[in-house]
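Computed from heavy atoms alone, side chains included, the values below leave out hydrogens, waters and symmetry copies.
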Amino acid sequence: LISKSTFKQGRCLTMRNPNGTGSIFKKKGKSRKPYIVRAAAYLTEEGKYKRPIIGSAETLKEAKKILFEFNSRNLNVDYADLKLIDLFNRWTESNHVKNIKTEETFYRYSTDFKSIFEDILECKFIFLDYKDYQTRLDKYAKNKGKSALTVLKSIYVDAIKNKIVSENIPLYLESSSQITKTVERVVFEDNFVRLLWKRYENTKDRYSAMILMLFYSGMRSADLLRIENKNINLKERYFVTGSKTEAGMNRQIPIHHLIFPIIKKFMNDDKYLFKEQYDSLKYQFDKILSEYNTLGNLHSIRHTFITKMRRLKNESASKIKKIVGHKEKDITDGVYTHWTIKELRDVINKLVY
């Protein structure tokens, strides 16, 4: 591919290729990867010629290989500067994300993608190949890999539509066969909630307060983080949140009398009742679980709440579904029955741990 003719250009030694195939030049001085590979020059929208660098190599043989692979894949150099993280950030604003039902799912997809591909996020997207992804997927558990692949597939669909790349590499990728043990949903014992109360009474820390609010409201953790101060009605003792699920969208949640003082304490002049992020809340709750040698996870709190509420005697299942944001299957309860906030508050106040 590379002719024998060479010439000096500045401080570099340049090796010419046939026109339109790019070039390789060797930097002077000591360098771990002295061979710099450039794509063929192209005319930008501003009318200037640009020759993007597509890689570097320790040897001339390796540099030739980089240039050959680049030309054989017919990559679009107009997008040579786009990084994988740029495409990921674009994905977070896409319709795919808007159709994800819960914040927990979005968080799982995002964190799994970023943890698996962490060391190539800053790499130039169009130059990433099958092996760049597959070798990293092979190191992680199957479920984690599936989440990351869901994001990557969506990224490539968008990239192909916008003619950033032409290859749909994720079609050939597979998550590993590694299986990891997952924590099943559990019903927390009443004593664990009592220990949380003691913890809060001694520390008054925000995370204990947030966790107790989950235990006495049945909210998803993402709904808790979405509560705006303006949507808290202390007089009628309820607040409005905005779950992404249809049944839970902008529902009124009655405030249990035990967490009423907590809400009053943490109300503020900012937009949200709590500024903390989901990953911080999860991390702190995992620490508490470890401290008390207890199994479970954040979603187990909601599972515990629903289980306890269903055990209440002489209470309508429809009221409980209304509180937790479950969709009504019974058309009579779902359409013709309208519970007041006082009726729902009377039900939730019967919850005792």
Side-chain angles (χ1 to χ4, degrees), residues 79 81-160 164-165 167-185 207 210-211 214 220-226 244 274-291 295-302:
Y79 299 99
D81 294 329
L82 269 181
K83 299 174 182 177
L84 179 59
I85 189 65
D86 297 327
L87 275 294
F88 171 78
N89 291 336
R90 182 183 296 185
W91 170 80
T92 62
E93 303 295 328
S94 68
N95 287 330
H96 181 210
V97 169
K98 292 175 183 176
N99 290 327
I100 294 176
K101 288 188 175 181
T102 67
E103 291 286 341
E104 287 90 343
T105 303
F106 169 72
Y107 173 78
R108 175 166 51 84
Y109 283 176
S110 300
T111 52
D112 288 349
F113 179 87
K114 288 192 286 188
S115 62
I116 290 179
F117 302 125
E118 180 180 10
D119 60 337
I120 59 172
L121 288 174
E122 295 296 328
C123 290
K124 294 177 178 179
F125 176 70
I126 66 171
F127 305 121
L128 292 171
D129 204 352
Y130 168 85
K131 64 180 183 298
D132 296 313
Y133 299 117
Q134 191 61 61
T135 53
R136 287 160 179 83
L137 287 167
D138 290 340
K139 297 176 183 178
Y140 289 85
K142 187 171 187 175
N143 287 343
K144 199 176 183 76
K146 281 186 174 181
S147 297
L149 272 175
T150 298
V151 178
L152 193 64
K153 287 175 181 177
S154 181
I155 285 174
Y156 267 83
V157 167
D158 179 70
I160 291 169
I164 297 172
V165 292
E167 287 182 292
N168 195 351
I169 294 175
L171 285 177
Y172 311 107
L173 298 172
E174 295 179 348
S175 54
S176 76
S177 57
Q178 295 181 46
I179 304 295
T180 56
K181 185 178 180 181
T182 57
V183 179
E184 295 181 358
R185 294 178 188 174
Y207 289 105
M210 294 165 75
I211 293 164
L214 292 176
R220 296 175 176 85
S221 51
D223 292 345
L224 172 69
L225 300 173
R226 207 182 275 121
K244 281 190 174 183
F274 296 109
K275 293 181 180 179
E276 284 69 20
Q277 299 296 314
Y278 175 81
D279 53 347
S280 299
L281 177 60
K282 181 180 182 300
Y283 174 76
Q284 293 296 330
F285 187 56
D286 287 344
K287 279 180 63 177
I288 292 172
L289 291 173
S290 178
E291 180 182 338
L295 292 176
N297 50 35
L298 274 176
H299 198 77
S300 291
I301 300 177
R302 178 172 166 83

Expected list for residues 123-133: side-chain donor-acceptor pairs under 3.5 angstrom, two or more places apart:
{"from": "Lys124", "atom 1": "NZ", "to": "Ile53", "atom 2": "O", "distance (Å)": "3.3"}
{"from": "Asp132", "atom 1": "OD2", "to": "Asp129", "atom 2": "N", "distance (Å)": "2.6"}
{"from": "Tyr133", "atom 1": "OH", "to": "Tyr156", "atom 2": "OH", "distance (Å)": "2.9"}

Non-hydrogen atoms of Leu281 and Ser221 that approach each other most closely: CD2-CB, 4.0 Å

Derivation of the side chain to side chain contact (heavy atoms under 4.5 Å, CB included) call for Lys144 and Ser115: CA-CA 9 Å; Lys144 199 176 183 76; Ser115 62; 3.1 Å; yes

Considering all heavy atoms of both residues, which atom of Leu289 and which atom of Gly296 are nearest to each other, and what is their separation? CD1-O, 3.4 Å

Within this structure, what is the OG-CE distance for the pair Ser280 and Met210, rounded to the nearest 0.5 Å? 8.5 Å

Minimum heavy-atom distance Leu121-Lys114, with the two atoms named: CD1-O, 4.1 Å

Side-chain ion pair, Asp112 and Lys146, N-O less than 4.0 Å: no

Is Asp86 salt-bridged to Arg90, cutoff N-O under 4.0 Å? no

Take Gln178 and Tyr140, measure what side chain to side chain contact (heavy atoms under 4.5 Å, CB included) needs, and give me the verdict at the end. CA-CA 7 Å; Gln178 295 181 46; Tyr140 289 85; 5.9 Å; no

Hey, does Asp286 have a side-chain heavy atom less than 4.5 Å from the side chain of Leu298? no

Kindly give the heavy-atom pair with the smallest separation between Pro170 and Lys153, and that separation in Å. CB-CG, 3.6 Å

Does Thr150 reach the side chain of His96, with side-chain heavy atoms less than 4.5 Å apart? yes

For Gln134, the side chain to side chain donor-acceptor pair (under 3.5 Å) test, sequence neighbours excluded, returns Asp138

Is the CD atom of Glu118 crowded by more than 12 outside heavy atoms at less than 6.0 Å? no

Please name the pair of heavy atoms, one in Leu225 and one in Gln277, separated by the smallest distance, quoted to 0.1 Å. CD1-C, 3.9 Å

Can you check whether Trp91's main-chain N or O pairs, donor with acceptor, with Ser94's side chain at less than 3.5 Å? yes

Quick one: CG on Asn143 to CZ on Arg108, what's the gap to the nearest 0.5 Å? 8.0 Å

Criterion side chain to side chain contact (heavy atoms under 4.5 Å, CB included) on Phe285 and Ile301, from CA distance to verdict: CA-CA 11 Å; Phe285 187 56; Ile301 300 177; 3.8 Å; yes

Would Asn297 and Ser300 count as a side-chain hydrogen bond (donor to acceptor under 3.5 Å, both in side chains) here? Give the steps. CA-CA 5 Å; Asn297 50 35; Ser300 291; 2.8 Å; yes

So do the side chains of Ile160 and Asn168 get within less than 4.5 Å of each other, counting heavy atoms only? yes

Between Arg226 and Asp223, does any NZ, NE, NH1 or NH2 come within less than 4.0 Å of an OD or OE carboxylate oxygen? yes

Would you please indicate if the ring centroids of Tyr109 and Phe113 are separated by under 6.0 Å? no

Using modelled atom types only, decide if a donor and an acceptor are shared between the side chain of Ser154 and the backbone of Val151 within a distance under 3.5 Å. no

Hey, could you give me the NZ/CD1 distance between Lys139 and Ile116, rounded to the nearest 0.5 Å? 11.0 Å

Would you give the length of the straight line joining atom CD1 of Ile155 to atom CZ of Phe117, rounded to the nearest 0.5 angstrom? 9.0 Å

When rounded to the nearest 0.5 angstrom, what is the spacing between OG in Ser147 and CZ in Phe106? 12.5 Å

Evaluate side chain to side chain contact (heavy atoms under 4.5 Å, CB included) for Glu174 paired with Leu137, printing each intermediate quantity in order. CA-CA 7 Å; Glu174 295 179 348; Leu137 287 167; over 6 Å; no

